[in-house]
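Accompanying notes for the structure given below.
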Amino acid sequence: MSYLGVGVSPGNVAGATMKLNDRKVRLTELILRCSVCALALVAAVLIATDTQVKEIFTIQKKAKYTDMKALVLLVVVNGIAAAYSLVHGVRCVVGMMKGSVLFSKPLAWAIFSGDQAIAYLTVAAVGAAAQSAAFAKLGEPELQWMKICTMYGKFCNQVGEGIATALLASIGMVVVSCISALGLFRLYGGNKARQSSRW
């Protein structure tokens, strides 16, 4: 900026503010995508590596995540979310290094649709796993389902940690999908706002 505002027009100031805001949004998106990748990977590893062996009347019974199909779904969805976030994190880094802005509507629609799909998948998988975990923890006396977590305490604790981590990853993915929606709809509404502000 020049001294006393000489050589500064409202268009220059607004353009600089938009570039600064765009950089902040990109950085936020990159941080969120990296966080989702790390959290989803940690959740998948926590649940997939969880086992506990219990001996009942000389018979050994091993509890593992494949015994509950909701946990298998959670591991698969978190693996997909981690890979997807990693790919888009790299895309964000390359875009920030080149300084390019997303102007392609088909690409913006593809990113928006992918983010929405992954967000819905992660939320659904966390919901299903949380419901199964509640049955394992509390049982269902009306159906004579016993409390599994009284026998497999370590297994249930680690599954709980994995579900909590997956919940954080799904919240992050929902926020990322909101950011991609902002990027998409900015391509449609930006020209109208600029034309109306000129009058």
Point-to-point distance, once rounded to the nearest 0.5 Å, from [atom1] of [X] to [atom2] of [Y]:
X      : Y      : atom1 : atom2 : value
Ile111 : Leu184 : CD1   : CG    : 9.5 Å
Leu39  : Leu167 : CG    : CG    : 10.0 Å
Cys178 : Phe112 : SG    : CZ    : 9.0 Å
Phe155 : Met68  : CZ    : CE    : 7.0 Å
Ile118 : Ser180 : CD1   : OG    : 11.5 Å
Cys37  : Leu32  : SG    : CG    : 12.5 Å

Would a hydrophobic clustering, with Ile, Leu, Val, Met, Phe, Trp and Tyr connected at side-chain separations under 4.5 Å, put [X] with [Y]?
X      : Y      : value
Val159 : Val72  : yes
Val126 : Tyr120 : no
Val45  : Val36  : no
Tyr65  : Ile163 : yes

Quiz item: Donor-acceptor pair, Asp67 side chain versus Lys64 backbone, under 3.5 Å?
Solution: yes
Distance-only donor-acceptor hits, side chain of residues 75-87, under 3.5 Å, sequence neighbours excluded:
unit_1, atom_1, unit_2, atom_2, d
Asn78, ND2, Leu74, O, 3.0
Tyr84, OH, His88, NE2, 3.3
Tyr84, OH, Asp115, N, 3.0
Tyr84, OH, Asp115, OD1, 2.7
Ser85, OG, Ala81, O, 2.9

[X] versus [Y], closest heavy-atom pair with distance:
X      : Y     : answer
Ser132 : Ala70 : OG-CB, 3.3 Å
Thr66  : Lys69 : O-NZ, 3.3 Å
Arg33  : Gly89 : CD-N, 4.0 Å

Quiz prompt | Close side-chain approach of Asp50 to Leu46, heavy-atom, < 4.5 Å | solution =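 Answer no - side chains too far apart.
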Exercise. Could you tell me whether the side chain of Met173 reaches within less than 4.5 Å of the side chain of Leu121, counting heavy atoms only?
Key: no
